[in-house]
Amino acid sequence: MSSARILITGAGGSAAYNFRDALAVAGNDYEVVGTDVKPFHLELLDVEAKYLVPPVSDPGYADAINRVIEAERIDFVHPQPDVEVGYLAENRDKLNAPTFLPDARAIALCHDKMAFNAHMKANGVSVPEAIKIDSPDDLKGGLEELLKINPRVWLRAIRGAGSRGSLPINSFYQGDAWIDYWRGFRGLDYGDFMASEYLPGEEFAWQSLWHEGELITSQARSRIEYIFGNLTPSGQSSSPSVAKTVNRDDVNKIGESAVRAVSEKPHGVFCVDMKENAAGVPMVTEINVGRFFTTSNFFAHAGLNMPDMYIQLGLGNALRERPEVYNPLPDDLYWVRMIDMGYRLVKEGEWASKRI
C-alpha cells in the first residue's frame, strides 16, 4: 500500500505518542504531522512537522487545522483528545481531509457519563447503579442507596478522561468536601458529578475497530497496575503501568453490546471500559469513542496493529489481512511501562527476574 500523510491532533499527549509508535511498526510507510495547543511535549514526538494551533473553543481552530492540511498535503486526520474528537465529529464538513469518526450523536452520548449510564441501562447492558449529584441532598440520598450495595461509593466527574474527579467515599462529609475542593480550584460543582456503585473486581479495557456497522476486530486487556496509582486519591488512573491481554467471552459480548447500543451503525474506534462488580460480572463504565486507549501500541507490538488498520480503512483501502474478530492475541501477554523507563512486551513465563 502506498504511503500517506497523517495529521495527529493533540499530538503532545502520551496517547498520541503511542499512536505514532504503533504507526512506526506498521508495514505501511506513513509520514506524520502533529498539532497541539502547547509546544512542550511536541518536542518528544518523532514527526515530519509540528504546529501550534488554537484550542477547539477558538473560532479559528478549524481554519488553523485546514492551513496545516494544505501546507502538509494531509491525507487523513486523527484527533486524539476527546474535545477534538467531539468538535471534528460535529464539524467534519469543515475539514479539508477525511477522518474516520463515529457519528456525532454517539460521541456526545459517550462524553456524558451519566447520560451514557442511563442509556446503557435502558438498553439492557450491564452498568453500575448510578445517581446524578445535583445537590447536597442528592449526595445524601445517593449514598444511602449505593452504600447498600457496597461499603464504598465511587464519586466521579460526569465529563473528562483519566478518572477525572474520581474518589471512593463512604460518607457525606467526604463527598461534599471533595466537590467543594473541585468547586474552589477546578471549576466543577454539584451538577458536574455522579455517584455510582463501587466495583471491586478486575478492570478490563476492550478496544474495537468498526467499519460501516461491521466489527472488524477487537481485543481486551486487564489493567493490573496504574501509572502513579499509589499517588492518586482514588488509588488508580485510567493509564496502566502493567496490562495483560484477556480473552473472555463475557467481556467480548458485553463490549460489543455496549457499542451497538450507542450507535446504530458503529464506524471507527470504540474503546470500552469495564469493571467487575462483587459478583464478578463486568460492568460498563464508559466508552472512549473515536480515539484509542493510551496504550494502543501494546497490541500493535504484539501483532494486532489497530491504528494501522484504522488509517487504512479511513483512507478507503482494503486490509491486506483480516484478524480474528474476537481474541486475535493470546491471553498471556503483558505490557509493562513506566515514566522515563520505556516499555516492554513480555510473555507469561518469560520474565527476566527469578526468585531466590
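Nearest approach of Gly34 to Val47, heavy atoms of both residues: N-CG2, 4.2 Å. When all heavy atoms are compared, the tightest approach of Phe116 to Leu109 is CB-O, 3.5 Å. Smallest separation of non-hydrogen atoms from Pro323 and Glu321: CD-O, 3.6 Å. For the pair Pro54 and Ala64, the tightest heavy-atom approach, listed with the atom from each and the gap, is CD-CB, 3.6 Å. Shortest non-hydrogen contact noted between His119 and Ala261 is NE2-O, 2.6 Å.
Taking a cutoff of 4.0 Å between a charged side-chain nitrogen and a carboxylate oxygen, Glu48 and Arg5 do not qualify as a salt bridge. A salt bridge is defined here as a Lys NZ or Arg NE, NH1 or NH2 lying under 4.0 Å from an Asp or Glu carboxylate O, and Arg92 with Glu84 fails to meet this definition. Between Arg223 and Glu203, at least one side-chain nitrogen of the basic residue sits less than 4.0 Å from a carboxylate oxygen of the acidic one, meeting the salt-bridge criterion.
Every residue two or more places apart in sequence or in another chain that forms a side-chain contact (heavy atoms from CB on, under 4.5 Å) with Asn288 is listed here: Cys271, Asp273, Glu286, Arg291, Phe293. With sequence neighbours left out, the side-chain contact (heavy atoms from CB on, under 4.5 Å) criterion links Ala49 to Val33, Tyr51, Glu72. In this structure, the side-chain contact (heavy atoms from CB on, under 4.5 Å) partners of Lys38, at least two apart in sequence or on a different chain, are Asp36, Phe40. Judged as a side-chain contact (heavy atoms from CB on, under 4.5 Å), and not counting sequence neighbours, the contacts of Ile224 are Ser222, Val242, Lys244, Tyr334. Lys140 is linked by a side-chain hydrogen bond (donor to acceptor under 3.5 Å, both in side chains) to nothing, counting only residues two or more places apart in sequence or in another chain. Here Lys132 pairs with Asp134 under the side-chain hydrogen bond (donor to acceptor under 3.5 Å, both in side chains) rule; sequence neighbours left out.
Within a 6.0 Å sphere centred on NZ of Lys50, heavy atoms belonging to other residues, nucleotides or ligands number more than 12. Applying the 6.0 Å contact sphere to CD of Glu70 captures no more than 12 heavy atoms from other residues, nucleotides or ligands. Within a 6.0 Å radius of NE2 in His211, other residues, nucleotides and ligands contribute more than 12 heavy atoms.
Hydrophobic cluster membership for Leu199: Val281, Met283 (Ile, Leu, Val, Met, Phe, Trp, Tyr linked by side-chain heavy atoms under 4.5 Å, directly or transitively).
Counted by atom type alone, Thr294 and Asn18 present zero donor-acceptor pairs between their side chains at under 3.5 Å. Between the side chains of Trp210 and Ser208, at least one donor N or O lies within less than 3.5 Å of an accepting N or O. For the residue pair Asp21 / Asn297, a side-chain donor-acceptor distance below 3.5 Å is found, with atom types taken as modelled. Between the side chains of Arg221 and Thr295, a donor-acceptor pair is found at a separation under 3.5 Å.
For Lys275 (side chain) and Gly201 (main-chain N/O), a donor-acceptor pair under 3.5 Å exists by modelled atom type. Listed for the Trp178 side chain is a donor-acceptor partner under 3.5 Å among the backbone atoms of Gly165. Thr245 contributes no side-chain N or O that, together with a main-chain N or O of Leu329, makes up a donor-acceptor pair within less than 3.5 Å. A donor-acceptor pair under 3.5 Å is formed between the side chain of Gln80 and the backbone N or O of Phe292. With hydrogens and angles ignored, the 3.5 Å screen pairs a side-chain donor or acceptor of Asp112 with a backbone N or O of Met114.
Put simply, the side chain of Pro128 reaches to within 4.5 Å of the side chain of Asn117, judged on heavy atoms.
For the ring pair (Phe, Tyr, Trp, His ring centres under 6.0 Å) condition, the pairs that include at least one residue of residues 57-90, sequence neighbours left out, are Phe19-His78, Tyr61-Tyr87, Phe76-Tyr310, His78-Tyr310. Screening residues 253-268 for salt bridge (charged side-chain N to carboxylate O under 4.0 Å, His left out), with sequence neighbours left out, gives Glu212-Lys265, Glu256-Arg260. Screening residues 340-350 for salt bridge (charged side-chain N to carboxylate O under 4.0 Å, His left out), with sequence neighbours left out, gives Asp332-Lys347. Contacts classified as salt bridge (charged side-chain N to carboxylate O under 4.0 Å, His left out) and involving residues 174-201 (residues at least two apart or in different chains) are given here: Asp180-Arg183, Arg183-Asp189. Counting only residues at least two apart or in different chains, ring pair (Phe, Tyr, Trp, His ring centres under 6.0 Å) contacts with residues 128-148 are absent.
Under the 4.5 Å side-chain heavy-atom criterion for ILVMFWY residues, a single connected hydrophobic cluster contains both Phe100 and Met306.
Taking the six-membered ring for Trp, Tyr343 and His301 have ring centres closer than 6.0 Å.
Interatomic distance, CG of Asp250 versus CE of Met274, reported as 8.5 Å (0.5 Å rounding). A distance of 8.0 Å separates CZ in Arg248 from CD1 in Ile254, rounded to the nearest 0.5 Å.
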